[in-house]
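Everything on this sheet refers to the single structure shown next.
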Amino acid sequence: QPISLGFHLAAYIEMVGRDRNRLQDCRKRVNESPLGAAALAGTSFPIDRHLTAKLLDFDRPMPNALDAVSARDFALEFTSAATICAIHLSRLAEEIVIWSTDRFNFIRLSDEFTSGSSIMPQKKNPDAAELIRAKPGRIMGHFISLATILKGLPLAYCKDMQEDKEPLFDTTKTLSISIAAMSGMINDMSFNKAAMRDALQKGHPTATDLADFLVRSLGKPFRDAHHVSGTLVALADERGCALENLSLDEMRNIEPLLNEDVYTVLRIDDAFNARSSFGGTAAREVELRLAEAAIRYNLDNKYE
């Protein structure tokens with residue numbers, strides 16, 4: 001089905017917006033100070049754990065001293081959220097890799113985010129996207145590593161927990177680099193609108209709109225409308241043309257009740273703008289949801 005680039009990319013705004021909320025929520029939950037828990041049972045010295053927590057910019061002290069020295073939720077929850085975020089970035093990176101190939105030619109990246117092939121002079125490799133695509137394996141591995149270390153550990157502190165540092169620190173570094181690289185690529189990217197428009201002429205993407213038209217305007221059961229639409233697609237393939245280039249007489253030979261109004265659902269722009277339901281691909285609906293997302297996810301940068 002035909003959709004706009006803005007609608008497609010808006011899906012990633014939702015994904016990344018949830019990642020942002022997930023990390024903010026993670027901080028609210030784990031930003032507790034273990035300082036003052038001592039070995040595991042607290043201390044008899046007259047300390048003020050609330051004051052030290054405040055001075056160190058924690059939200060509060062951890063309320064149970066035994067949990068304070070035993071828990072690694074802060075590391076587990078962060079690496080879990082980081083894994084989901086990295087997967088989202090990787091999915092977009094994969095699409096960037098595909099879109100930048102000669103077969104698609106939807107986007108172009110500058111030399112800042114690509115490199116030449118060591119053998120093929122004509123080839124430009126989307127290095128940044130390919131590296132981002134690979135990073136979730138590393139971050140996922142860190143989460144599994146931490147979970148495996150903690151699984152079955154008795155309370156309280158065990159030396160096994162010394163192994164929490166490297167996965168946590170490397171996850172932070174890896175995710176930060178991935179976000180920076182993706183942000184740079186998105187700002188660097190240019191779009192080949194002509195190639196995208198040309199791709200929409202292939203595969204008869206308005207065939208579903210035709211079936212919906214037969215149901216909505218002619219009152220046909222969808223199973224019958226599906227059959228008529230499929231027959232017209234076969235005819236268009238035989239003629240080597242798009243559905244909208246079939247004559248009304250040709251279409252009436254298959255469905256006599258069709259009229260000129262059918263052409264209003266066969267044009268690409270009309271097709272995606274017709275889907276004006278909440279969250280649909282219609283241009284106005286995309287604009288409304290983007291404006292809403294900017295508020296919902298507290299986005300600093302106004303979309304264009």
Side-chain angles (χ1 to χ4, degrees), residues 1-26 28 80-81 83-96 98-99 104 106-107 179 182-183 186-187 189 191 193 196-197 199-226 228-230 232-233 242-244 258-259 261-304:
Q1 291 182 317
I3 62 172
S4 65
L5 175 65
F7 177 72
H8 191 108
L9 295 179
Y12 285 102
I13 289 179
E14 295 297 328
M15 293 183 207
V16 174
R18 290 193 298 271
D19 291 326
R20 183 177 179 142
N21 284 357
R22 201 173 284 116
L23 289 166
Q24 289 172 337
D25 190 52
C26 171
K28 291 176 186 176
S80 172
T83 294
I84 297 172
C85 182
I87 289 171
H88 289 157
L89 294 175
S90 179
R91 295 179 72 177
L92 178 54
E94 166 66 358
E95 297 203 302
I96 289 173
I98 292 172
W99 291 347
F104 282 78
F106 287 173
I107 64 169
I179 291 172
M182 181 59 76
S183 298
I186 295 298
N187 288 326
M189 198 182 300
F191 299 96
K193 295 180 181 179
M196 292 183 184
R197 174 68 65 173
L200 283 173
Q201 306 305 317
K202 301 170 183 175
H204 309 294
T206 58
T208 302
D209 299 86
L210 174 57
D212 289 346
F213 173 84
L214 293 169
V215 172
R216 187 172 54 249
S217 299
L218 303 184
K220 282 187 169 294
F222 187 78
R223 63 182 178 275
D224 295 338
H226 187 285
V228 170
S229 183
L232 287 169
V233 164
L243 281 171
E244 63 184 285
L258 282 172
N259 55 52
D261 292 342
V262 69
Y263 291 103
T264 63
V265 300
L266 297 181
R267 291 186 289 265
I268 297 297
D269 293 88
D270 292 335
F272 79 77
N273 276 316
R275 286 172 168 75
S276 57
S277 59
F278 184 89
T281 191
R284 179 57 180 160
E285 183 62 22
V286 172
E287 290 174 2
L288 290 172
R289 299 289 76 77
L290 285 172
E292 180 189 72
I295 297 171
R296 187 156 27 98
Y297 297 127
N298 295 316
L299 301 178
D300 298 325
N301 297 323
K302 182 176 174 59
Y303 71 90
E304 295 181 356

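The nearest pair of heavy atoms linking Ser4 to Phe272 is CB-CE1, 4.2 Å. The two atoms that bring Glu14 and Ala293 nearest to each other are OE2-CB, 3.9 Å, heavy atoms only. Across Phe191 and Met196, no two heavy atoms sit closer than the pair CD2-CE, 3.7 Å. A pairwise comparison of heavy atoms in Ala225 and Val215 identifies CB-CG2, 3.7 Å as the closest pair. Scanning all heavy atoms of the two residues, the minimum distance from Val233 to Ala207 falls at CG2-CB, 3.8 Å. The two residues Leu290 and Ala10 come nearest to each other via the heavy atoms CD2-CB, 4.0 Å.
Atom CG of Asp224 sits about 12.5 Å away from atom OG of Ser229, to the nearest 0.5 Å. The distance from the CG atom of Asp209 to the NE2 atom of His204 is 13.5 Å, given to the nearest 0.5 Å. Considering CD of Glu285 and CZ of Phe7, their distance stands at 9.0 Å, rounded to 0.5 Å. Summarising the geometry, atom CD belonging to Glu95 is positioned 3.5 Å from atom NE2 belonging to His8; distances are rounded to the nearest 0.5 Å.
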Handout entry: Worked check of side-chain contact (heavy atoms from CB on, under 4.5 Å) between Arg22 and Ile84
Key = CA-CA 9 Å; Arg22 201 173 284 116; Ile84 297 172; 3.4 Å; yes
Exercise for the section: Output, in order, the C-alpha distance, side-chain angles, deciding distance and verdict of side-chain contact (heavy atoms from CB on, under 4.5 Å) for Ile96 and Met189. Expected result: CA-CA 9 Å; Ile96 289 173; Met189 198 182 300; 3.6 Å; yes
Exercise for the section: Before giving the answer on side-chain contact (heavy atoms from CB on, under 4.5 Å), spell out for Lys220 and His226 the whole-Å C-alpha distance, their side-chain angles and the decisive distance to 0.1 Å. Expected result: CA-CA 10 Å; Lys220 282 187 169 294; His226 187 285; over 6 Å; no
Problem - Candidate pair Leu266 and Phe213, rule side-chain contact (heavy atoms from CB on, under 4.5 Å), full reasoning - result: CA-CA 10 Å; Leu266 297 181; Phe213 173 84; over 6 Å; no
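In this structure the side chain of Val16 never reaches within 4.5 angstrom of the side chain of Leu92, judged on heavy atoms. Here the side chains of Asp212 and Val265 are not in contact, with every heavy-atom distance at 4.5 Å or above. At least one side-chain heavy atom of Leu258 sits less than 4.5 Å from a side-chain heavy atom of Leu218.
With hydrogens and angles disregarded, a donor-acceptor distance shorter than 3.5 Å links the side chain of Arg275 to the backbone of Ala271. Proximity of a side-chain donor or acceptor of Ser183 to a complementary backbone N or O of Ile179 within less than 3.5 Å is detected. Using modelled atom types, one side-chain atom of Asn273 and one backbone atom of Ala283 make a donor-acceptor pair closer than 3.5 Å.
For Lys193, the salt bridge (charged side-chain N to carboxylate O under 4.0 Å, His left out) test picks out no residue, with sequence neighbours left out. Judged as a side chain to side chain donor-acceptor pair (under 3.5 Å), and not counting sequence neighbours, the contacts of Arg284 are Glu287.
Between Glu292 and Arg289 a salt bridge is recorded (basic side-chain N to carboxylate O distance below 4.0 Å).
None of Ile268, Thr206, Ile3 except one satisfies the side-chain contact (heavy atoms from CB on, under 4.5 Å) rule with Leu200; the exception is Ile268.
Relative ring orientation between Phe104 and Phe106 is described as perpendicular, the plane-to-plane angle rising above 60° on a 0-90° scale split at 30° and 60°.
Residue pairs meeting the salt bridge (charged side-chain N to carboxylate O under 4.0 Å, His left out) criterion with at least one member in residues 262-274, sequence neighbours excluded: Arg197-Asp269, Arg267-Asp270.
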